[in-house]
Amino acid sequence: MYAANSLASSVYDAIRSRCTAIKLDDVLAIVEEPTRKEFGDLSLPLHRLSRICGLNISDLKEVISGLQLNNLFSKSYVANGYLNVFINEVNYAKLLADIIKSVGGRYGFIEDVSKLNIVVEFVSANPVHPLHIGSGRNAVLGEFLSRVFEVRGHRVQRRYYINDLGRQVAVLVYGYIRLGRPEIPSDVKPDEWLGFIYAVTNTVLDIVELRDELSKLSTVDQDIVSAKRLELDGLIAVLNELRARDESLVDKLVESINEDVDPNKSVEDLMIRYEEGDPDVKEVFRYVVNMVLTGMSSTLSRLGIAFDKWDWESDLVFSGLVKELIELARKSEYFTIHKGAPALDFTSLQGEPVKLLLKLPKNVEIPPLILMRDDGTALYVTKDIAYSITKFKDFNADLVVNVVGNEQTLAQAQLRLALYALGFKDEASRLLHYSYELVMLPGIKMSGRRGRYVSVDQVLDNLEVRVEDIMRSRGAVVDEHAKKVMSVGAFKYMMLSSSPTKVINFDPEIALNLSRNSAPYLQYTYARTSSILRKYGKDLDWGRIDFISASKPMRREILQHLSKFPHIITKVSKDLDPELLTTYLNRLADMFNSWYDVEPIIHEPDEGVRQFKLFLTYVSGIVIKNGLYVMGIEVLERI
RNA sequence: GGGCCCGUAGCUCAGCCAGGAUAGAGCGCCGGCCUUCGGAGCCGGAGGUCCCGGGUUCGAAUCCCGGCGGGCCCGCCA
């Protein structure tokens, strides 16, 4: 906000000789908006200023009384411990017009002085089922981060990490092989079809294992036995649920798995053979995973998200990178043997300075990190260390952001510590875990392993239907493009309008909001500004704008709000809080719509005033468009 | 047992990091505007022990401590 900056620097100039330690940013940080607008447009709490400066309040008042404010302000006064100032909206409007004239459609996107190379790794969902709404949240957040960095002038590389070496993929491949490696039906999405096989196979394998355990348990452990029985019943119920969806396929799969004497052993064999690079096994794995990824990509493209790189976990192993890393670890002073396995021990590292540098959780003792299994294969975090180094190297990255669920806080902390321990101290400090919470379904815990989830596609489909209903009810022709843009927008807006640290309780029955405080509302408001300017039909006549007319209450409020936009974007790019942006944009749309309702714009008789109103309309449109752009949401010229 | 995150209106959530003037939105509910630039809109109303208890402070939704409630993590899983 230009006014805030200007106020802060005037105050700073006035007090700097008396408060030696104070910095301009300290003053700027305490500028606030009064709770009631009668008090003024901006205020500075003197009690806070007194605290950071050291002068007592009466001295401050004295210094402040001689304050020289520039022409962006009309008056100032001290009351109730606050310095309140009023903006001179006429000069302020002129300033905004000058800025808009020079930056035009890029308004708000102030490039950072230092241009960074930033890698954003996101989504990275296990390639065993379609993207569910939890991954959807991740996808939307990752795209938002990427865009907010780009808009500030940084170079961004978007990466997806394909976890194809875990047990999960092996389970899917095993099921697929037991089915006789069928052609994937062309009338369903491959990720949905394979996701179903994955859920069935997983459930059957768990049943087999549980039965096995039960047969070995002595009858003495009655409590354990009955608990396991209950668990088994639950699994059988899940299997029946799945069977109801496709009887023949489930029966065929169950039958085939039952012919195998030790299915779980078979899965392990598959894992080992794949990691060894067995060509035949590799072919099936790659085929199956690629098919799932094809399905995911189409979901992602619905969301307007595209990755620059898809990284295969297996390639890290095949290329020898993981092996090199383990060698490096063996030579490290932190190398140890933990529970009989090669590991890194971080105990000596967890002093205050390192904790602070790596942003480790304060009161946690991070346990040793075991690097590999008995069979010599590497564990997930070990491979992730190798991957992190690759991400830094490939792109010469200044910052690597991992968009990863909050449940992996500890693993991510271990990752940073391991990098640090292995000599990648700088990288470790520049690796950011962007953490977000789960999306829960009311009553049901989502589970890919049990085939219980709501997919992103399902949600988008439902939203499209609802948007279409609204279009029809308005008697409009259903515009396919608009329908997509609004439904995708509604989804993204929902994911971005609540803080990433909060669990989202997603009820697919309770519809996503399509009225106020939603993407369609902002899109509608944008279309409205667009329509007004279209109807006007000419370019703004900058020279004829009557800036005096900025003083009418609603107009000057909108003006002030619009002027904050660059500051909002800058703050959002620093704090990485998407909800700050949604709140801001929604407020703007509210203001604009209220104003629109009471004042004619095109029909304004006074030409100078009319130009001013068109100017406000024009800038409101730009701000909504640019704000939505950062959120990954498109606008529509007409709806 | 230890740790991380969350608890604000019936519901979904801003505000908390950097304490300050009468705590804000949306949905839903009630009542108006039955449409001169786009009604997916506008105006008004009801609705709050800011989870509880202590502490710090001139001042606490905000900071600290202790509870309670919910989610998650503490694996030779990923």
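The analysis underlying the following values was restricted to heavy atoms, covering all of them including side chains, and did not include hydrogens, waters or symmetry mates. Residue numbers begin at 1 in each chain, while the letters A, B, ... track the order of the sequences.
- Comparing the C1' positions of A25(B) and G66(B) gives an interatomic distance of 33 Å, to the nearest angstrom.
- Regarding R137(A), its CZ atom lies at a distance of 12 Å from the P atom of C6(B), rounded to whole Å.
- OP1 or OP2 of U12(B) has not a single side-chain nitrogen or oxygen of K502(A) nearer than 4.0 Å.
- For residues 44-56 of chain A, the salt bridge (charged side-chain N to carboxylate O under 4.0 Å, His left out) pairs, not counting sequence neighbours, are E32(A)-R48(A).
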How does protein reach along nucleotides 69-78 of chain B, written 5' to 3' as B (base within reach of a heavy atom under 4.0 Å), S (only sugar-phosphate), or - (no contact)? --BSSS-BSB

R449(A) vs D206(A), salt bridge (charged side-chain N to carboxylate O under 4.0 Å, His left out): CA-CA, chis, key distance, verdict: CA-CA 10 Å; R449(A) 293 170 39 173; D206(A) 287 350; 3.2 Å; yes

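- Note on residues 519-538 of chain A: no pairs pass salt bridge (charged side-chain N to carboxylate O under 4.0 Å, His left out), not counting sequence neighbours.
- The neighbour count for K359(A) NZ, taken as heavy atoms of other residues, nucleotides or ligands under 6.0 Å away, does not exceed 12.
- Rounded to the nearest Å, the gap between the C1' atom of G7(B) and that of A61(B) is 12 Å.
- Remark: C1' of C17(B) and NZ of K574(A) are 13 Å apart, rounded to the nearest angstrom.
- Applying the ring pair (Phe, Tyr, Trp, His ring centres under 6.0 Å) rule to H338(A) yields no partners; only residues at least two apart in sequence or on another chain are considered.
- Taking atom C1' on both G71(B) and G26(B), the two are 24 Å apart, rounded to the nearest angstrom.
- Nucleotides C50(B) and U35(B) place their P atoms 45 Å apart, quoted to the nearest Å.
- The distance between atom CG of L49(A) and atom P of A18(B), rounded to the nearest whole Å, is 18 Å.
- When Watson-Crick and G-U wobble pairs are counted only if both distances are under 3.5 Å, C16(B) pairs with no nucleotide at all.
- The P atoms of C42(B) and G3(B) are separated by 48 Å, rounded to the nearest whole Å.
- By the neighbour-count criterion of 12 heavy atoms within 6.0 Å, atom NZ of K625(A) is sparsely surrounded, having that number or fewer from other residues, nucleotides or ligands.
- Taking the C1' atom of each, A9(B) and G47(B) are spaced 6 Å apart, rounded to whole Å.
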Determine all donor-acceptor pairs shorter than 3.5 Å in which one atom belongs to a side chain in residues 402-410 of chain A; sequence neighbours excluded.
{"residue": "N402(A)", "atom": "OD1", "partner": "K391(A)", "partner atom": "NZ", "Å": "2.8"}
{"residue": "N402(A)", "atom": "ND2", "partner": "Q412(A)", "partner atom": "OE1", "Å": "3.2"}
{"residue": "T409(A)", "atom": "OG1", "partner": "N406(A)", "partner atom": "O", "Å": "2.5"}

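- With sequence neighbours excluded, the residues that form a side-chain hydrogen bond (donor to acceptor under 3.5 Å, both in side chains) with Y174(A) are D260(A).
- When both pairing distances are held under 3.5 Å, C27(B) makes a Watson-Crick or G-U pair with G10(B).
- Residue contacts shown for T377(A) are absent, as no nucleic acid heavy atom lies under 4.0 Å away.
- In this structure, of A18(B), A21(B), G26(B), it is G26(B) that holds the atom nearest to the side chain of N517(A).
- Contacts classified as salt bridge (charged side-chain N to carboxylate O under 4.0 Å, His left out) and involving residues 368-380 of chain A (residues at least two apart or in different chains) are not found.
- Annotation: Y584(A) is in aromatic contact with F565(A) [ring centroid separation under 6.0 Å].
- Distance noted for atom P between C65(B) and C4(B): 10 Å (whole Å).
- In this structure A60(B) sits in no base pair that meets the Watson-Crick or G-U test at under 3.5 Å.
- Atom pair L44(A):CG and G19(B):C1' shows a separation of 15 Å (rounding to whole Å applied).
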How does protein reach along nucleotides 31-41 of chain B, written 5' to 3' as B (base within reach of a heavy atom under 4.0 Å), S (only sugar-phosphate), or - (no contact)? ------BBSBS

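- Among the atoms of the strands shown, only primed sugar atoms or phosphate atoms (P, OP1, OP2) are found under 4.0 Å from some heavy atom of S499(A).
- Comparing the C1' positions of C51(B) and G59(B) gives a spacing of 23 Å, expressed to the nearest Å.
- More than 12 heavy atoms of other shown residues, nucleotides or ligands fall within 6.0 angstrom of atom CG in D575(A).
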Please write out each protein N/O paired with an N/O of nucleotides 46-48 of chain B under 3.5 Å, distance rounded to 0.1 Å.
none

Could you list all N or O pairs between the protein and nucleotides 55-62 of chain B that sit under 3.5 Å apart?
{"residue": "G59(B)", "atom": "O6", "partner": "R51(A)", "partner atom": "NH2", "Å": "3.4"}

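- As rounded to whole Å, 17 Å separates atom C1' of A14(B) from atom CG of L588(A).
- For the pair L581(A) CG and G15(B) P, the computed distance is 13 Å after rounding to whole Å.
- Nucleotide A40(B) has no partner under the Watson-Crick or G-U criteria, as no pair reaches both atom distances under 3.5 Å.
- Using bins of under 30°, 30° to 60° and over 60° for the plane-to-plane angle, the ring pair F615(A)/F612(A) lands in the tilted bin.
- Looking at residues two or more places apart in sequence or on another chain, you find a ring pair (Phe, Tyr, Trp, His ring centres under 6.0 Å) between Y161(A) and Y387(A).
- Counting non-hydrogen atoms under 4.0 angstrom, K571(A) reaches a base of the nucleic acid.
- Residue pairs meeting the side-chain hydrogen bond (donor to acceptor under 3.5 Å, both in side chains) criterion with at least one member in residues 601-617 of chain A, sequence neighbours excluded, are Y536(A)-Q611(A), E599(A)-K613(A), E604(A)-K613(A), E607(A)-R610(A), E607(A)-Q611(A).
- Between K502(A) and E437(A), none of the side-chain N atoms (NZ, or NE/NH1/NH2) sits under 4.0 Å from a carboxylate O, so this pair counts as no salt bridge.
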